[in-house]
2 protein chains.
Amino acid sequence: MSKKMDLRVKRTRKLINEAFLKLIQQKGFDSVTIQDIAEEALINRGTFYLHYEDKYDLLEKISRSAIDELTSVLNPVLHVKEHEVQIEKLRTTIEKVYESMEKNQVFYTVMFGEHGVYNFRNNLEEVIRENFSKKMIELGVRPEDFEIPKDLILHFISAAFVGVVQWWLKQSTKPSSQEMAMKLSKIITAGPMQAAGLKIEKQL
Amino acid sequence: MSKKMDLRVKRTRKLINEAFLKLIQQKGFDSVTIQDIAEEALINRGTFYLHYEDKYDLLEKISRSAIDELTSVLNPVLHVKEHEVQIEKLRTTIEKVYESMEKNQVFYTVMFGEHGVYNFRNNLEEVIRENFSKKMIELGVRPEDFEIPKDLILHFISAAFVGVVQWWLKQSTKPSSQEMAMKLSKIITAGPMQAAGLKIEKQL
DNA sequence: GACACTTTGTTAATTAATCAACATTTTGTC
DNA sequence: GACAAAATGTTGATTAATTAACAAAGTGTC
């Protein structure tokens with residue numbers, strides 16, 4: 001990004017994005033028209049086409065942006081050094097994840113909402129699994145080394161992750177990213193039962 | 001308004017107004033700079049000067065607009081026909097008042113807020129009194145006809161009116177304009193004690 | 001299927017806003 | 001009071017957005 005974006009471009013896109021998410025929340029993606037967006041954003045309809053091809057393009061770009069940002073901080077391999085989890089780094093990652101959630105809060109709230117885009121939750125979980133899977137391959141981690149099938153672990157993690165994000169989005173008073181990092185790192189390293197304070201019976 | 005206002009003008013003013021009120025709420029009128037407004041509104045600073053002279057001009061125009069709208073629906077004389085209050089018309093007026101409040105909700109909330117403009121409450125009460133007083137003169141109402149001094153009545157009404165508006169602004173779930181009209185017309189015609197359900201001892 | 005209405009995608013001329021820059025004024029600190 | 005930094009008010013060249021209009025496509029109703 002060698003040149004600074006003209007303020008009008010930046011502003012117009014912001015207005016379009018905000019109008020779009022608001023309208024999705026109100027009436028669902030399918031019912032939203034370009035005219036609706038233009039009216040809500042107080043822009044000329046023709047202006048929309050200077051920035052986006054159609055509403056599908058807009059959705060793609062908004063989603064890409066939010067999810068790219070999320071996956072850029074979801075870097076699991078850094079937490080593992082010689083098969084050992086590094087707590088501090090794990091905590092930092094979770095904190096960044098929730099900072100990203102805060103930043104794109106409206107997007108995720110709308111997408112998970114009642115008029116949100118079809119199957120958004122599953123798609124997000126899939127993205128997370130692919131991201132983790134790809135990173136493992138890059139670093140030569142071998143699934144045979146796991147006691148539990150890799151796929152099972154990935155499904156567990158991605159579903160749990162998204163489940164907790166949905167919980168967080170629904171809180172009227174949201175825990176800070178630091179609080180979430182503290183709590184989740186405990187759950188991840190000790191398992192949910194121990195993190196809740198229960199003792200696990202010793203296995204012979 | 002023979003010609004339609006260019007959408008850009010409309011939008012730019014809206015963005016400026018919103019940014020301004022937000023900043024007043026955050027840091028108080030005195031601390032707000034034009035640069036602050038431009039940044040918050042995502043406009044070029046020079047653009048501000050295409051629309052307003054300075055922040056005092058902006059405040060004047062925003063206030064004028066909200067208060068003009070309020071006084072345009074505050075027309076007490078229409079409720080009185082041959083010294084008799086017409087309940088239905090009174091209720092309609094109150095309803096319109098609260099519609100105006102809803103429309104300019106952010107403005108009034110900020111102005112009445114902790115960083116709001118100095119003495120806003122008193123100024124608003126004064127405006128209301130003048131408006132009522134002027135209308136009475138136009139229609140030849142004679143203060144001598146009142147059993148209670150005119151000034152006292154005006155102060156009672158204006159203070160009570162503003163007090164209730166402040167109450168309404170603070171409600172997280174606000175009564176609709178219809179509900180407010182129902183309740184307030186009862187208070188006004190029967191007095192606060194009877195409207196609350198108490199019986200008044202008969203005076204000999 | 002016929003038809004009316006709505007929405008879309010596009011175009012050229014016009015216009016409000018941006019950018020960069022500057023001199024001046026104001027504010028804050030010592 | 002001296003000085004640096006921040007804010008103001010302004011200017012001309014450039015640019016993104018608006019307007020008005022049109023043909024075509026899509027939607028809803030009978």
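Protein chains get the first letters and strands the later ones, always in sequence-line order, with residue 1 at the start of each. Atom set for the values below is all heavy atoms of this structure, side chains included, hydrogens, waters and symmetry mates excluded.
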A.B. asks: Closer than 4.0 angstrom, basic N to acidic O: yes or no for Glu95(A) and Arg91(A)?
C.D. replies: no
A.B. asks: Check the pair Tyr52(B) / Phe20(B) against ring-ring contact (aromatic ring centres under 6.0 Å, His included), numbers first and verdict last.
C.D. replies: CA-CA 12 Å; Tyr52(B) 302 102; Phe20(B) 186 52; 8.4 Å; no
A.B. asks: Looking at Arg11(B), I'd like to know whether one of its side-chain N or O atoms comes within less than 4.0 Å of OP1 or OP2 on dT18(D).
C.D. replies: yes
A.B. asks: Just the rounded figure in Å: distance from C1' of dT18(C) to CG of Leu15(B).
C.D. replies: 15 Å
A.B. asks: Whole angstroms only, please: what is the CG-C1' distance between Asp30(A) and dG28(D)?
C.D. replies: 17 Å
A.B. asks: Minimum heavy-atom separation for Ile24(A) to His115(A), with atom names?
C.D. replies: O-CB, 3.1 Å
A.B. asks: Regarding Glu125(A) and Arg121(A), does a basic nitrogen lie under 4.0 Å from an acidic carboxylate oxygen?
C.D. replies: yes
A.B. asks: Distances under 3.5 Å only, N/O to N/O: pair up the protein atoms with those of nucleotides 11-15 of chain D.
C.D. replies:
residue, atom, partner, partner atom, Å
dT15(D), O2, Arg8(A), NH1, 2.7
dT15(D), O2, Arg8(A), NH2, 3.3

A.B. asks: Taking Asp57(B) first and then Lys61(B), would you say they form a salt bridge - that is, a charged N and a carboxylate O separated by under 4.0 Å?
C.D. replies: yes
A.B. asks: Let me know the distance between CE of Met5(A) and P of dT18(C), rounded to the nearest Å.
C.D. replies: 14 Å
A.B. asks: Output yes when at least one side-chain N/O atom of His51(B) is less than 4.0 Å from OP1 or OP2 of dA16(C), else no.
C.D. replies: no
A.B. asks: Is any side-chain nitrogen or oxygen of Thr12(B) closer than 4.0 Å to OP1 or OP2 of dA17(C)?
C.D. replies: yes
A.B. asks: Taking Arg129(A) first and then Asp151(A), would you say they form a salt bridge - that is, a charged N and a carboxylate O separated by under 4.0 Å?
C.D. replies: no
A.B. asks: Nearest whole Å is fine: how far is dA16(C) C1' from Lys14(B) NZ?
C.D. replies: 18 Å
A.B. asks: For the pair made of OH in Tyr56(A) and C1' in dG9(C), what is the distance, rounded to whole Å?
C.D. replies: 15 Å
A.B. asks: Touch check for Leu42(A), heavy atoms < 4.0 angstrom, all strands: base, sugar-phosphate only, or nothing?
C.D. replies: sugar-phosphate
A.B. asks: May I have the distance from Lys10(B) (atom NZ) to dA17(D) (atom C1'), rounded to whole angstrom?
C.D. replies: 16 Å
A.B. asks: Regarding Asn44(A) and Thr47(A), do their side chains bring together a donor and an acceptor under 3.5 Å, going by distance alone?
C.D. replies: no
A.B. asks: Say you draw a straight line from CD1 of Ile43(A) to CZ of Phe48(A); how long is it, rounded to the nearest 0.5 Å?
C.D. replies: 7.5 Å
A.B. asks: Within this structure, what is the CG-to-P distance between Leu50(B) and dA17(D), rounded to whole angstrom?
C.D. replies: 17 Å
A.B. asks: Indicate yes or no: does Lys103(A) engage Glu99(A) in a salt bridge with an N to O separation below 4.0 Å.
C.D. replies: no
A.B. asks: What nitrogen or oxygen pairs link the protein and nucleotides 5-9 of chain D at under 3.5 Å?
C.D. replies:
residue, atom, partner, partner atom, Å
dT8(D), OP1, Ile34(B), N, 2.9
dT8(D), OP2, Ile34(B), N, 3.2
dT8(D), OP2, Gln35(B), N, 3.1
dG9(D), OP2, Tyr49(B), OH, 2.7
dG9(D), N7, Arg45(B), NH1, 2.7
dG9(D), O6, Arg45(B), NH2, 3.0

